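A, B, ... follow the sequence lines: proteins, then strands. Residue 1 opens every chain. Worth saying up front: this structure is predicted, and the values here are computed from it rather than measured.
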Amino acid sequence: MSEKQLDKNFDFKAAEARLYEAWESAGAFKPAGEGEPYTIVIPPPNVTGSLHMGHALNNTLQDILCRFERMRGKSVLWQPGTDHAGIATQMVVERQMMEHQEPRRTEIGREAFVEKVWKWRHESGGTIINQLKRLGASCDWSRERFTMGEDGSADDQMVKAVMKVFVDLYNEGLIYRDKRLVNWDPKFETAISDLEVENREVDGHMWHFKYPLAGGATYEYVEKDEDGNVTLRETRDYISIATTRPETMLGDGAVAVHPSDERYAPIVGKLCEIPVGPKEHRRLIPIITDDYPDPDFGSGAVKITGAHDFNDYQVAKRGDIPMYRLMDMKGAMRDDGAPYAEEAAKAKALVEKGGTPDTSYVDGINLVPDEYRGLDRFEARKRVIADIDAEGLMIEVEDKKIMQPFGDRSGVVIEPMITDQWYVDAKTLAKPAIEAVETGKTKFVPENWTKTYYQWMNNIEPWCVSRQLWWGHRIPAWYGLGVDEDGQYDDGKPNRFLTNRRLETFCAESFKDAKRQAKDRYAKFGAGFVIADKEVGSAQAALDNAVLDGEDDGKNHVFLWRDPDVLDTWFSSGLWPFSTLGWPDETPELKKHYPTSVLVTAFDIIFFWVARMMMLGLYTQKKAPFPEVYIHGLVVDENGQKMSKSKGNGVDPLELIDQFGADALRFTLAAQAAQGRNVRISEPRVEGYRNFSTKLWNAARFAEMNECKPDPTFDPKKATLTLNKWIVHEANQCAAEVTREIEAYRFNDAASANYKFIWNVFCDWYLELAKPVFMGDDEAAKKETRAAAAWALDRILQLLHPFMPFVTEEIWGSFAEREALMVSQWPSFDVALKNEDAATEMNWVIDLISGVRSVRQEMNVPVAAKIPLILVGGTKEDAEKLKRHDDVLKRLARLSEISTADAAPKGAVQVVHAGAVAALPVADFIDIAAEKARLVKEKDKTEKEVAGIDKKLANKNFVDKAPKEVVEAQHTRRANFVEQLEKLDAALARLADL
RNA sequence: GGGCGCAUAGCUCAGGGGUAGAGCGCUACCUUGACAUGGUAGAGGUCCGUGGUUCGAAACCACGUGCGCCCA
C-alpha cells in the first residue's frame with residue numbers, strides 16, 4: 001500500500017506543487033471523454049500583470065465550475081491565455097528601457113522596439129500564468145494562447161483572426177476611417193476609446209471674461225426674476241462668458257446662447273471679440289443660438305471651441321462653425337504654420353466666405369498667438385488668464401468642482417482632438433447583441449446586469465479602434481497617393497492628424513492582397529501606373545520613390561505604405577472565444593467548444609469585453625459566444641475600498657497562499673462570492689478557512705487511525721446502524737445542496753453547505769458518535785462504521801474538491817491507490833439514500849446530549865463528574881432509543897448510567913426533551929434557587945411562544961385564509977409547547993418538594 | 001441628471017411571506033485518545049424609518065433617510 005501515516009497538519013507548501021504537477025502531467029486538465037462539452041474561456045489577464053485578488057476570485061470561480069463539471073463527466077475545456085495589452089505593455093517595456101538607460105523607443109525605431117517587446121514577453125510575460133497555477137487553476141495549458149499570436153507571425157491563428165475580422169468589417173462598411181473628435185492622450189500620444197477615459201471630479205476654477213462687442217456696440221442687458229420683475233438693467237458693451245479652460249479661447253469659433261434667452265436677444269447675430277492675442281489682430285466671432293447652452297448656468301452664454309470640447313463639437317457641427325485645433329500631439333500649443341497675423345487672416349477670410357468649412361483646411365490654421373506657441377497647455381492657460389486680467393476684462397474667478405477626463409493608464413488630462421481614426425460601427429453590431437439578450441439566448445447572472453448592458457448597448461457610440469502605438473495588431477490597411485483630376489499625384493502633405501483626403505485606401509489581409517487591389521484601382525486612373533513590389537514606410541517615402549523611379553521611365557510608380565497604427569487591444573480580446581479555438585479555420589475544437597458554456601467575469605469589463613465579444617461573436621459566428629454570463633463582484637479590502645495599486649491597499653493573493661495555502665484562499669473567496677456583492681478579503685477570514693482545512697485533515701487522520709478505508713463491498717443503501725444510515729442520508733442531502741448551488745452560481749451557498757456538513761455534522765457529531773463503536777467490540781458494527789465513515793469521507797472530499805482541490809486530493813490519495821480525485825465521479829443525489837427516520841432518531845440523540853450538556857454547564861456540574869440519567873415519561877420507543885445509543889449518550893453527555901422511571905427522583909435537574917423529561921440527580925451540585933430560576937426562565941419563554949401562537953389561532957382571518965398546512969403546523973407547534981410547559985410545571989413542582 | 005446596489009448581532013456579511021442565521025470577536029469552562037489551527041456551553045438583534053399590500057412583513061411594494069458604484 002502506498003498509504004502513509006498522515007502528519008498532524010496538512011503540509012500545503014510541499015503538497016500543492018506536487019499535486020498540481022501530478023494532475024498536469026496526467027493530462028487531467030485536457031478535455032477528456034465523450035461527455036457533453038463544457039467550455040470556459042479565461043478572461044485573458046494582461047501579459048504584464050501579476051495575480052491580484054480580482055484574478056484570484058475570478059479564476060477560483062471558474063476553476064470551481066470546471067472541476068465540478070469535469071467530475072460530472074463533461075468534456076471540459078478551460079481555455080487559458082494572456083492579453084498583449086497594448087498601452088500597458090508598451091509602457092512597461094519603455095520604462096524598463098529608461099531604467100537601463102537605453103536609447104528611447106523613438107530612437108531605435110519601430111521594428112527594433114517591437115522586437116524588444118517580444119523579447120520581454122518571452123522572458124517576463126509568463127509570471128501570471130505561473131501564479132494561476134499556484135492557485136490551482138485547472139486550465140488546459142497545452143492550449144495557451146496570446147492575443148497577439150506567437151512572434152507576430154502572420155500565419156498565427158490569432159493574427160489571422162484579427163486581420164480577417166477587420167477586413168470583413170471594412171468590406172461591409174462596418175469599419176471606416178473618419179475625422180471626429182477623439183479622446184487624445186497627450187502622454188502616450190494616442191487616441192483612446194471613451195471607456196479608457198476616467199472622469200474625475202477635481203478642484204478647478206470657472207473664469208468669467210468679457211468678450212467685447214465688435215466696433216464698440218452696446219445693448220441693454222436686462223435680468224428678470226421668476227415673476228418677470230426686472231432685477232438688473234444696464235448698458236453693456238460686452239457679453240460675459242464663463243469657462244473652465246481659458247486656453248481654448250484661442251480656438252473659439254462662436255459664442256452661443258439659448259434661443260429663448262431674452263437677455264442676449266438684442267445681440268444675436270452680432271460679432272464679438274475674443275479678448276486675447278495681439279490687439280490689432282483680435283478675432284471676431286458671431287453670437288449664435290443653439291439649444292446646448294443652459295440659460296441658468298454661468299452667464300448663459302457659452303464659447304464654442306469645436307476642436308477641443310465634445311459638447312462644443314456638436315454645436316459647431318450644427319452651426320458650420322470652424323473648429324480650430326490649438327494643440328499638438330503632446331498637448332502643447334501649436335507652433336507650426338505661418339505667424340499668427342497670417343493665420344488669423346486666413347480664419348477671417350474663411351468666416352467671411354461662409355458655408356461649411358473644409359475640415360482639413362481649417363485644421364491647417366494655427367490660431368495660437370506667437371507668444372504662446374510651444375507652451376504647455378496649462379502654462380498657456382496661466383498666460384491667457386494673466387493677459388486678459390491685465391486688460392481689465394476678467395469679471396471674476398469662481399472656485400468650482402469640475403469633472404475632468406483622465407487617461408486610465410496615463411493619468412494625464414485627456415485632450416479632445418480632431419483626428420483621423422478607424423471606427424467600428426458599433427451601433428450596427430450592437431443590434432444582434434442586444435437581441436441575443438432580449439430573446440434570452442444570453443442571460444446575465446445576476447440578471448440585474450442586463451439593464452446595465454442594455455443601457456450601454458442602446459447608447460453605443462462608434463468605437464475608435466486605432467491606436468498610435470507600436471505594440472499591437474497593426475491595422476491591415478495600405479495607402480497609396482491620391483491622383484488629381486489631371487492624372488498627377490496630389491502633392492498635399494499628409495500629416496499625423498489629417499491624412500490627405502485623396503489617399504487611396506486598400507484594406508487587405510496581406511500586402512499581396514493590397515497590391516492586387518491597388519492594381520485594379522489605379523488602372524481606373526489611366527494606363528501609366530505601375531504598382532511597386534516594395535512596401536514603403538510613409539507617404540513621403542512613397543512620393544520620393546515615385547519621383548525617383550518616374551524619372552527613369554516616365555511612368556507613375558505607385559508605392560504603398562501601411563497604416564502605422566495598431567488596433568485597440570480589446571479588438572483582439574473581443575475575438576477570444578473563437579480565435580483561441582482556431583477560427584477562421586473550421587477546427588474540430590471550434591465546432592465542439594463554440595459557443596462556450598458560460599463567461600465568468602467582473603462587472604467592470606462588461607462594456608470593455610463582454611459587449612465586444614457579443615458583437616464580434618455574433619458577427620463572425622452568427623451565434624452568441626455564451627448562453628450565460630456570470631458577473632461576480634470586485635474584491636475590496638477590509639474597509640470596503642476597491643483595491644488598487646495607487647491606494648496601496650492591495651492584498652497579495654500569493655502572500656496569502658504562502659501563509660494559509662491556496663485552498664484556504666480559494667474557499668474564502670468562494671464563501672464570500674454572494675451574488676451582487678463585492679468580496680471583502682481579510683486575513684482572519686482566510687485563517688479561519690485554513691483552520692477548516694486543518695479540521696478536515698484531522699478528521700481524515702482520525703478515520704485513518706481507525707482503519708476506515710474505502711470498502712467496495714459497502715453498500716450505503718444497506719447500512720444497518722442508525723448512525724450510518726443517518727450519515728449516508730446527510731451526505732446525500734449535502735451532495736444535492738452543493739450541486740444545486742453550484743449549478744445556480746451561488747458559490748457562497750455551496751461553500752457553506754460543505755462547511756456545515758463537514759464541520760457541524762460529520763466532525764462534531766458523526767465522528768464523535770462513531771467513537772464508541774470503534775472502541776467497542778462489536779466487530780460487525782465496527783466494520784460497517786469504518787466503511788460508512790470512509791464512504792462519507794469520500795463524498796466529502798469529492799464535494800469539497802472544486803473549492804479545496806489540494807487538501808482533498810491529498811487525503812483521497814492517502815486512503816487508497818486509485819484514480820485522482822479530480823477525475824472521480826461527482827456524487828449526485830440518490831433518492832434511495834434518503835432516510836428521514838434515521839435522521840429523526842439521530843437528531844433525538846443529538847438534542848438529548850445537547851440538552852444534558854447545557855444544564856450541566858449551567859448547574860456548574862464539573863466536567864469530570866459522571867452522573868446518572870433517568871428518563872421520565874418517555875415512550876417505549878424512547879426507551880429503546882436510549883438502549884441503542886447507550887454508549888454514545890454516556891460518553892458524550894458524560895453519564896454514569898441511563899435508566900427510565902415513572903417519576904423523577906428528588907434533587908434532580910430536569911431537562912425537558914421531546915415530550916419526556918431527562919432527570920439528572922445531581923444533589924451534590926444542585927443549587928435549588930438556580931435550578932428554579934432556570935426552569936422559570938424556560939417556562940416564560942415557552943409561554944410566550946404559546947401566547948403568540950394562540951393570538952394567531954384566535955385570528956379568524958388567519959384560520960380561514962392561511963394555507964391549511966400553515967395552520968396545522970401552528971397547532972402542532974402549540975401542542976409541543978404545551979406539552980413542554982406541562983413537563984416544566986411538573987419539574988417545578990418536584991423542585992418545590994425539596 | 002439617468003441607472004444599479006446596499007442598510008439584519010460588537011465587526012464582516014448570508015438569508016428570506018409564518019420558528020433570526022454564519023464567521024470573527026466576546027464570556028465561562030475543558031489539554032477527554034483526530035484536531036487548542038481544537039472542544040463544550042453562553043451572552044448578544046426594534047432585521048434603517050414611515051406608510052401600503054397581506055390572515056400574517058424583517059422579507060413584497062411605495063416613499064423617506066444614509067452610504068456605495070456606474071454612466072452623462
d([atom1], [X]; [atom2], [N]) in whole Å:
X	N	atom1	atom2	result
A/N748	B/G16	CG	C1'	14 Å
A/F603	B/C71	CZ	P	10 Å
A/R680	B/C69	CZ	C1'	14 Å
A/M859	B/G42	CE	P	12 Å
A/N860	B/U27	CG	P	18 Å
A/K964	B/C55	NZ	C1'	17 Å
A/N678	B/C69	CG	P	10 Å
A/I605	B/C71	CD1	P	14 Å

Please tell me if the side chains of [X] and [Y] come closer than 4.5 Å, counting only heavy atoms from C-beta onward.
X	Y	value
A/Y630	A/W449	no
A/H258	A/D294	no
A/Q672	A/R685	yes

- [ ] Please state whether the phosphate of B/U19, meaning OP1 or OP2, lies under 4.0 angstrom from any side-chain nitrogen or oxygen of A/K952.
- [x] yes
Identify which nucleotide among [options] has an atom closest to any side-chain atom of [X], counting heavy atoms from C-beta outward.
X	options	answer
A/S850	B/A41, B/U19, B/C55	B/A41
A/N199	B/U12, B/A72, B/A34	B/A72
A/K961	B/A43, B/C55, B/C24	B/C55

Open item on the list: What does the B/S/- profile of nucleotides 35-40 of chain B look like, 5' to 3', with a 4.0 Å heavy-atom cutoff to protein?
Closed with: BSBSSB
Task: Salt-bridge contact A/R740-A/E743 (side-chain N to carboxylate O under 4.0 Å) - done: no
Task: Salt bridge flag under 4.0 Å for residues A/E979 and A/R974 - done: no
TODO: Determine the Euclidean distance between corresponding P atoms of B/U65 and B/G49; express it in Å to zero decimal places.
DONE: 16 Å
Task: Parallel, tilted or perpendicular: ring planes of A/F692 versus A/Y689, cut at 30 and 60 degrees - done: perpendicular
TODO: Measure from NZ or CZ of A/K771 to the centre of the six-membered ring of A/F702 and say whether it is under 6.0 Å with the direction within 45° of the ring axis.
DONE: yes
Can you pull every protein N or O that's under 3.5 Å from an N or O on nucleotides 3-5 of chain B?
| residue | atom | partner | partner atom | Å |
| --- | --- | --- | --- | --- |
| B/G3 | O2' | A/Q455 | OE1 | 3.4 |
| B/C4 | OP1 | A/K451 | NZ | 2.6 |

Task: Test log, rule side-chain hydrogen bond (donor to acceptor under 3.5 Å, both in side chains), inputs A/N976 and A/R973 - done: CA-CA 5 Å; A/N976 288 339; A/R973 282 185 70 217; over 6 Å; no
Open item on the list: Could you write out RNA chain B as dot-bracket? Rules: Watson-Crick or G-U wobble, both distances under 3.5 Å, brackets [ ] for crossings, | for pairs with another strand, dot for unpaired.
Closed with: (((((((..((((....[..)))).(((((.......))))).....(((((..]....)))))))))))).
